[in-house]
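Below is one structure, written out as structure tokens, with a few remarks after it.
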Amino acid sequence: MVLVVDADPTNQRAMRDRLLRLGYTARSADDDASALDIVSATPPDVVLLPGLADVGKGWAELQKQLDNWGIPVLRLSAHTGTTSTKLIDIITEISDADLKLRVESALSSRSLLKALVVENARLEAERLHDPLTGLFNRRYVMIRVEEEVRRSLRHAYPLSCLLIDIDSFSEVNDNWGHIVGDGVLRDVAHIVTRTMRSTDIVCRYRDDEFLVLLTDTDATGAQIAANRVRDAMAAHDFFNRESGDPVKLTASTGVAYWEPADKKNGTWEPQLLALAERALRAAKLSGPNRLVMLQTS
């Protein structure tokens, strides 16, 4: 869709007719303010200025919005206003063929920009997500736990942390290979996610360890959540493509919880995570399928 911006109704009508003949959808606006309303509601793919290129008082705000959307500006006359990398200058009195070529070039530039935006979003998602399970990764949780500790301190809300480790997971890889092991990790990610609340933050912490931040959750709530995960793990039949029998597994869980006494005294994120790791080590030493809880000071 091409948005034609021109104060002259004749120019608007003539350019809309040409664009329609060339197979484009066209809209028009009399000035920068009208164009801004259209861009905000239904962003076009190209903005075309067929008349004088001098910009009005509202151009700066319109240009900012166009830049945000990555919308190129196609000018049919020499421009004397502000410069921008999005501006595409062409000669007046161009033919339909030349106009189509220029519009297609502008569309290509926007397609490239959109592709770059999508790629950047994908890279950002990969930076914060575990590619195997689709969960958040350790990098993300290190950022998020700091935010949640500050939030709990500010509002005096309890905060709990579960650290879940799959018992004897190395034997799965040794006996049936990493393909089966990867399937187990994906299943565990699903089990943990579906047994937690939507407000809880679940991540793959490292290897076969999964971490859950339980927001606004005290010791009792954390214990209930941890036991729910352990019961779901023990009851689950993990698929084994190398054997007709399913894999049966359990999980050990370390729980750290914090209930701030007031807004001046609290903990900080490494202490909470370190305490969860200590609790998990104690659980593993106690035997499989165990739960150990520790409270921060």
Side-chain angles (χ1 to χ4, degrees), residues 122 125-142 144-145 160-215 217 219-257 272-294:
R122 184 187 67 80
E126 287 185 353
R127 191 177 74 87
L128 298 177
H129 286 79
D130 171 52
L132 178 63
T133 63
L135 298 178
F136 291 116
N137 59 21
R138 192 168 183 266
R139 177 185 285 117
Y140 174 84
V141 84
M142 295 300 290
R144 188 61 185 272
V145 70
S160 298
C161 177
L162 309 184
L163 194 54
I164 304 161
D165 181 90
I166 306 173
D167 295 324
S168 304
F169 178 72
S170 60
E171 295 180 7
V172 175
N173 289 327
D174 292 342
N175 294 334
W176 297 293
H178 288 278
I179 294 178
V180 175
D182 288 348
V184 167
L185 292 173
R186 284 189 287 266
D187 280 358
V188 171
H190 177 69
I191 291 171
V192 176
T193 301
R194 67 178 172 83
T195 54
M196 295 295 113
R197 303 167 302 181
S198 60
T199 55
D200 298 327
I201 299 100
V202 182
C203 85
R204 185 182 178 191
Y205 194 60
R206 63 164 72 90
D207 299 329
D208 60 328
E209 293 181 3
F210 297 81
L211 185 143
V212 184
L213 282 178
L214 301 170
T215 58
T217 303
T220 301
Q223 184 176 18
I224 292 172
N227 283 327
R228 192 165 59 237
V229 171
R230 292 194 306 129
D231 291 345
M233 280 277 295
H236 187 75
D237 291 333
F238 292 91
F239 175 70
N240 184 0
R241 62 185 299 173
E242 302 300 324
S243 171
D245 298 324
V247 178
K248 301 296 292 184
L249 294 168
T250 58
S252 298
T253 306
V255 179
Y257 61 97
L272 185 67
L273 297 182
L275 196 66
E277 292 184 351
R278 281 178 51 197
L280 177 61
R281 285 196 296 270
K284 298 291 284 185
L285 290 174
S286 301
N289 199 24
R290 297 302 179 94
L291 168 65
V292 172
M293 302 180 65
L294 297 175

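Note: hydrogens, waters and symmetry copies are ignored here, and every other heavy atom, side chains too, is used.
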Could you go through the side chain to side chain contact (heavy atoms under 4.5 Å, CB included) check for Leu211 and Arg138 one step at a time?
-> CA-CA 9 Å; Leu211 185 143; Arg138 192 168 183 266; over 6 Å; no
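- Under a cut-off of 6.0 angstrom, the local environment of CZ in Arg278 is sparse, with at most 12 non-hydrogen atoms contributed by other residues, nucleotides or ligands.
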Val255 and Gln223: side chain to side chain contact (heavy atoms under 4.5 Å, CB included), yes or no, with the steps?
-> CA-CA 8 Å; Val255 179; Gln223 184 176 18; over 6 Å; no
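- Pairing each heavy atom of Ala189 with each of Leu135, the nearest pair is CB-CD1, 3.6 Å.
- Contacts of Arg290 classified as salt bridge (Lys or Arg N to Asp or Glu O under 4.0 Å), with partners at least two apart in sequence or in another chain: none.
- Between Asn240 and Asp245 there is no side-chain heavy-atom pair separated by less than 4.5 Å.
- Here the closest heavy-atom approach between residue Ala251 and residue Met233 is recorded as CB-CE, 3.7 Å.
- Summarising the geometry, atom CD1 belonging to Ile166 is positioned 10.0 Å from atom CG belonging to Asp207; distances are rounded to the nearest 0.5 Å.
- Atom CZ of residue Arg228 and atom OG1 of residue Thr253 lie 12.0 Å apart, to the nearest 0.5 angstrom.
- Annotation: side chain of Leu280 is in contact with side chain of Ser252 (closest heavy-atom distance under 4.5 Å).
- By the side chain to side chain donor-acceptor pair (under 3.5 Å) test, Arg197 is found to be paired with Asp200, Thr217, residues two or more places apart in sequence or in another chain being considered.
- By the ring-ring contact (aromatic ring centres under 6.0 Å, His included) test, Phe136 is found to be paired with His129, Tyr140, residues two or more places apart in sequence or in another chain being considered.
- Residues satisfying the salt bridge (Lys or Arg N to Asp or Glu O under 4.0 Å) criterion with Arg206, sequence neighbours excluded, are Glu209, Glu277.
- Heavy-atom neighbours of Ile179 CD1 from other residues, nucleotides or ligands within 6.0 Å: at or below the threshold of 12.
- Of all the heavy atoms in Leu185 and Phe210, the pair that sits closest is O-CZ, 3.7 Å.
- We find the CE-OG distance between Met293 and Ser160 to be 6.5 Å, quoted to the nearest 0.5 Å.
- In this structure, the side chain of Arg241 does not engage the main chain of Val180 through any donor-acceptor pair within 3.5 Å.
- Rounding to the nearest 0.5 Å places CE of Met142 at 10.0 Å from SG of Cys203.
- For Asp165, the salt bridge (Lys or Arg N to Asp or Glu O under 4.0 Å) test picks out Lys284, with sequence neighbours left out.
- Heavy-atom minimum distance, Arg127 versus Asn137: O-ND2, 2.9 Å.
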Can you check side chain to side chain contact (heavy atoms under 4.5 Å, CB included) on Tyr257 and Leu275, steps first, answer last?
-> CA-CA 9 Å; Tyr257 61 97; Leu275 196 66; over 6 Å; no
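- For the salt bridge (Lys or Arg N to Asp or Glu O under 4.0 Å) test, residues two or more places apart in sequence or in another chain that qualify with Asp237 are Lys248.
- Using a 4.5 Å cut-off on side-chain heavy atoms (C-beta onward), Leu249 and Asp167 make no contact.
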For side chain to side chain contact (heavy atoms under 4.5 Å, CB included), just list the numbers for Phe169 and Val188, CA-CA rounded to whole Å, side-chain angles, deciding distance to a tenth of an Å, and then say yes or no.
-> CA-CA 11 Å; Phe169 178 72; Val188 171; over 6 Å; no
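- Considering all non-hydrogen atoms of both residues, Phe239 and Asp187 come closest at N-OD2, 4.2 Å.
- Atom CD1 of Ile191 and atom CG of Asp231 lie 11.5 Å apart (nearest 0.5 Å).
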Stepwise side-chain hydrogen bond (donor to acceptor under 3.5 Å, both in side chains) check, Asp130 with Thr133 = CA-CA 6 Å; Asp130 171 52; Thr133 63; 2.6 Å; yes
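- Checking side-chain atoms of Thr193 against main-chain N and O of His190 turns up no donor-acceptor pair under 3.5 Å.
- With rounding to the nearest 0.5 Å, the separation of CZ in Arg144 from CD1 in Ile201 is 4.0 Å.
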